[in-house]
**Q** 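Here you go, one structure.
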Amino acid sequence: MADGLSIPGVTDKYKTNDLVNSLMEVERKPLRREEAQLEKYQTQQNAWRDVNQKISTLKENTKKLYSFQNPFNSKLTESSNEDVLTADADRSAESGSFKITVLKEATADRFLSGNIDKNMKIEAGKYVYGVGDKKVSLNWKGGKISDFVQAINRRGTNILKASLIGVTSSKKSLLIEGLVTGTDNKLVFEEKALELAKNIDMVSDAPVETEALFADLDDFSVPASNEENLQQNMPLLSKSNVKLENNMITVPARNGIEIPIPENMNDSGHQVLEFSFKVSQTEDITTKIKDTAKEPSLPAPGFVEFQGLVITNEQSETALEFKEAELEEPLIPIDDTNYIAIKNKDGTEIPLDTSAYTPDENGNIHISISLNDYPDAESLIVRNSSTGKEISFSVPQSRDASKNQGFTPNHAITTADDAAFKYEGITLHRPSNDVDDVIPNVTLHLHSATEKPVTITINPDKDSAKEALINFVGTYNQVVAEINILTSNKPEIIAELDYLTPEEREAAEKKLGMFQGDFTLTNGKASMQRTIASKYDTSENAEITMLNQIGISTNASSKGSGYNASQMRGYLEIDEKQLDSALESNLEDIKNLFGYDSDGDHVIDTGLGYLLDKQTNSWTQAGGLISTKISLLENQIKNSNSKIATLQAQLDEKEMELKNKYANMEGTLNSLESQRNSLNNFANQNQNK
């Protein structure tokens, strides 16, 4: 019987596939060599990228040591009572300490309603809420109070907040609160909002209460003149002609009045003085003075009356020849617009700029003075130094600004109020608990009131400086370690790096000695070492001029202990005690060591950090040393990929050619085998006959 069906090139009856594969292995050797070369290029390129990444990290940490954001200028603040007061200091703040007494913290209006049904319906309408000069308007279509609260909160971001507080299982209380503190940021209800607030017992009607500052003029003094040079023959200021009628005070030319302000008037911190005044033109008194000086003034002649008979005397005559009297100096009319001032306890005056106010249709100017703005106010001065004007003003009224809304809260949790605190013996008020305009470059954060002063201490942030130096040393050593691995084939270099993970150690072993003949890295390492070891004379009095003086050197941890091979590889070490001591006593010198302006142009131009940054920049910048290396390898990788593609195409063609040849051979052999079988069968048949 003949063997089974044999298909050339498929059944591989004669093992031609193995023969073709053996022949192709020989043909693939150039491809294998090129693939190995490609892998080498790629490995080298990745190695340069790793070097670039480590040097870039070193560059960043180096720049942090001398840039504007260097840690040597960072400040830390410490509070003796953080529950009362804390502070933040920026980099320009002066080191030192100061005391603050927090009298009261700034608060916002927070009003609760009475008990209301949890399913209460809010009528449709326009609800307007205000906090200070900001308004929140809600056109409500009607619905549940819970939906109403959500609608207010959507509109009132950073201004107003509403919430429902459960009182019982069926009753709730509505809380409306302003989100901005300060006396000037009171909670205001308008239109339907005010109606709702009254209906739910949140507020009640309250008239504005005022109190007259005085009732008569008898006990008040004449203000001192504010004129540097009085004209001769000009009457001094007086109050003799000041009149009070129907709650209006009239101050004619060259008159004035000083009205004391009671010391306890502003105990609440909300008192406001209000009055209106008007200035009118009158006949200038300098004219009258000149007319009086033209002739002598003689007394009246008088008369005699007897039994109904009246005899009048003749005017006296004088034999003196009259000449018109001459004034010692010419009279010039005075027009002074500084009508009103606040007088402090130390005698200084703060004039009010009345020109900033707009008169009403009758010419009256309405003045409102918050006593919070004048904590040392002693009196109110109305001074008419002019010679041709008359001032009329209403009796000043005092009112509590916290009650000036036309309503009063029935269940106030807090009311809008300014913060008050003492600094350097001066009582200050601010609308916010975050105060940044009292101490330069320092922001105070007021938390609660206290009777005792709180001490704020500002010191350099030495911990941040130390951490930055440690990071610098760490990244410097990583760069040195990478260079050592790439430029040397000594296994102990890797063994010394005990911080490596197993994966990192394996990767390092593959890179060991990869660039042993490349002097780019060894020269770069030597250049860095020179920069690190150099002396930097930043000033004549500088005590720190070298890195090893702050405890950072190649043998900081084993001084005097003999030879250590790892120290010869360029790694930096830290003597922590010496570093702490240097940071404590020579922080400014350390800062200058890393970056210094030598020519006074406010630009850093020397120093260890500056020069090391400049050096590493030549490596990592676009077109730099490492970028050039990577680009060259990229071209080699492209060429290698192109060669591999060509070789692979040639191999595919060669393999196809061999397979075709051996398939034809198999076909021929199969044909011969078939003929042999036919002849054998024919011979067997003839023998049997």
Side-chain angles (χ1 to χ4, degrees), residues 210-266 271-286 288-289 329 331-357 359 363-398:
T210 61
E211 181 181 356
L213 205 59
F214 66 91
D216 59 63
L217 305 174
D218 292 342
D219 298 330
F220 299 147
S221 59
V222 179
S225 173
N226 65 340
E227 297 172 324
E228 294 183 0
N229 298 304
L230 286 174
Q231 297 184 49
Q232 294 185 19
N233 301 311
M234 186 65 67
L236 298 175
L237 294 183
S238 72
K239 71 164 190 173
S240 58
N241 295 319
V242 177
K243 297 179 181 179
L244 170 61
E245 294 180 358
N246 299 325
N247 207 39
M248 292 296 295
I249 304 168
T250 303
V251 181
R254 304 299 298 172
N255 276 256
I257 187 171
E258 183 174 344
I259 306 168
I261 299 174
E263 288 188 7
N264 61 348
M265 174 168 284
N266 198 35
Q271 290 301 119
V272 175
L273 297 183
E274 293 182 333
F275 59 91
S276 61
F277 82 98
K278 182 178 181 179
V279 179
S280 305
Q281 295 290 335
T282 60
E283 182 182 1
D284 200 295
I285 64 172
T286 57
K288 295 180 180 179
I289 294 174
E329 65 177 38
L331 290 179
I332 302 173
I334 299 174
D335 185 9
D336 187 1
T337 58
N338 294 321
Y339 309 118
I340 302 169
I342 294 291
K343 181 180 177 181
N344 291 324
K345 294 175 183 178
D346 61 2
T348 59
E349 293 185 15
I350 304 174
L352 298 183
D353 183 10
T354 56
S355 64
Y357 295 86
N364 293 311
I365 296 175
H366 300 276
I367 300 293
S368 179
I369 303 172
S370 174
L371 292 183
N372 261 352
D373 297 333
Y374 304 93
D376 297 321
E378 181 181 63
S379 60
L380 174 68
I381 290 177
V382 179
R383 181 189 288 111
N384 185 5
S385 299
S386 300
T387 57
K389 290 181 180 178
E390 180 180 85
I391 299 174
S392 58
F393 68 101
S394 61
V395 173
Q397 303 287 320
S398 170

**Q** Quick one: do Leu371 and Leu273 satisfy side chain to side chain contact (heavy atoms under 4.5 Å, CB included)? Show the steps, please.
**A** CA-CA 7 Å; Leu371 292 183; Leu273 297 183; 4.1 Å; yes

**Q** Short question: side chain of Arg254, backbone of Leu236 - any donor-acceptor pair under 3.5 Å?
**A**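 Checking the backbone N and O of Leu236 against the side chain of Arg254, no donor-acceptor pair under 3.5 Å is found.
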
**Q** Taking atom types as modelled, is there a side-chain donor on Thr286 or Asp284 under 3.5 Å from an acceptor on the other?
**A**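 There is such a pair (donor and acceptor under 3.5 Å, judged by atom type) between the side chains of Thr286 and Asp284.
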
**Q** Would you name the heavy atoms of Ser368 and Val272 that are closest together and state the gap between them?
**A**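 Distance-wise, the nearest heavy atoms are OG-CG1, 3.1 Å.
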
**Q** Where do Ile342 and Ala377 come nearest, in terms of heavy atoms and distance?
**A**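 Residues Ile342 and Ala377, closest heavy atoms: CG2-CB, 3.7 Å.
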
**Q** Write down the atom of Ile334, the atom of Ser385, and the distance for their closest heavy-atom approach.
**A**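 That closest heavy-atom pairing would be CG2-O, 3.5 Å.
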
**Q** Can you tell me how far the CD1 atom of Ile257 sits from the CZ atom of Arg383, to the nearest 0.5 Å?
**A**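 That separation rounds to 12.5 Å.
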
**Q** Within the distance-only criterion (no hydrogens, no angle test), does the side chain of Asn364 pair as donor or acceptor with the backbone N or O of Ser276 below 3.5 angstrom?
**A**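 Judged by distance alone, no pair lies under 3.5 Å.
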
**Q** Testing Thr337, Asp335, Thr282 for side chain to side chain donor-acceptor pair (under 3.5 Å) with Lys389, which one passes?
**A**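 The residue from Thr337, Asp335, Thr282 that satisfies side chain to side chain donor-acceptor pair (under 3.5 Å) with Lys389 turns out to be Asp335.
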
**Q** Evaluate the side-chain proximity of Val395 to Phe275: yes if any heavy-atom separation is below 4.5 Å, no if none is.
**A**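 Counting from C-beta outward, Phe275 and Val395 never come under 4.5 Å.
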
**Q** Report the distance from atom CG of Asn241 to atom NZ of Lys243, rounding to the nearest 0.5 Å.
**A**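 Rounded to the nearest 0.5 Å, the CG-NZ separation comes to 7.5 Å.
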
**Q** For a quick test of reading the model, state the closest non-hydrogen atom pair linking Lys343 to Ile381 and the distance between them.
**A**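 For Lys343 and Ile381, the tightest heavy-atom pair comes out as CB-CD1, 3.9 Å.
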
**Q** Establish, from distance only, whether the side-chain atoms of Glu258 and Ser379 form a donor-acceptor pair under 3.5 Å.
**A**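 Ser379 and Glu258 do have a side-chain donor-acceptor pair below 3.5 Å.
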
**Q** Which is it for Ser370 and Asn372 under the side chain to side chain donor-acceptor pair (under 3.5 Å) test, yes or no, and what are the steps along the way?
**A** CA-CA 5 Å; Ser370 174; Asn372 261 352; 4.8 Å; no

**Q** Checking side-chain polar atoms at under 3.5 Å, does Gln271 have a donor or acceptor matched by the opposite partner on Ser398?
**A**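 Yes - a donor-acceptor pair under 3.5 Å links their side chains.
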
**Q** Please confirm whether the backbone N or O of Asp336 pairs with a side-chain atom of Ser386, one donor and one acceptor, at under 3.5 Å?
**A**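 Yes, Ser386 side chain to Asp336 backbone: donor-acceptor pair under 3.5 Å.
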
**Q** For the backbone of Met248 and the side chain of Ser394, can you confirm whether one donor and one acceptor N or O come within less than 3.5 Å of each other?
**A**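 Not a single qualifying donor-acceptor pair exists.
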
**Q** List the steps and the verdict of side chain to side chain contact (heavy atoms under 4.5 Å, CB included) for Phe277 and Val251.
**A** CA-CA 11 Å; Phe277 82 98; Val251 181; over 6 Å; no

**Q** Between Thr354 and Ile365, which heavy-atom pair has the shortest distance, and what is it?
**A**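 That closest heavy-atom pairing would be O-CD1, 4.3 Å.
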
**Q** Give the minimum heavy-atom separation between Gly256 and Lys239, together with the two atoms involved.
**A**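 Heavy-atom minimum between the residues: O-CB, 3.3 Å.
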
**Q** Quick check for you: to the nearest 0.5 Å, what is the distance between Glu349 atom CD and Ile340 atom CD1?
**A**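 CD1 of Ile340 is found 12.5 Å from CD of Glu349.
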
**Q** In Å, rounded to the nearest 0.5 Å, how long is the span from CD1 of Ile369 to CD1 of Ile261?
**A**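 It is 7.5 Å, given to the nearest 0.5 Å.
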
**Q** Got a second to check how far Thr250's OG1 is from Glu245's CD, nearest 0.5 Å?
**A**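 Answer rounded to 0.5 Å: 6.5 Å.
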
**Q** Using a 3.5 Å distance criterion without hydrogens, assess whether the side chain of Asn255 forms a donor-acceptor pair with backbone atoms of Ala253.
**A**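 Here the side-chain-to-backbone pair exists.
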
**Q** For the pair Glu263 and Lys345, find out whether any cationic side-chain nitrogen is under 4.0 Å from an anionic carboxylate oxygen.
**A**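 A salt bridge is absent here (no side-chain N lies under 4.0 Å from a carboxylate O).
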
**Q** The test is side chain to side chain contact (heavy atoms under 4.5 Å, CB included); show your working for Phe393 and Val382 and say whether it passes.
**A** CA-CA 9 Å; Phe393 68 101; Val382 179; 3.7 Å; yes

**Q** Apply side chain to side chain contact (heavy atoms under 4.5 Å, CB included) to residues Tyr339 and Leu352 and explain how you reach the verdict.
**A** CA-CA 8 Å; Tyr339 309 118; Leu352 298 183; over 6 Å; no

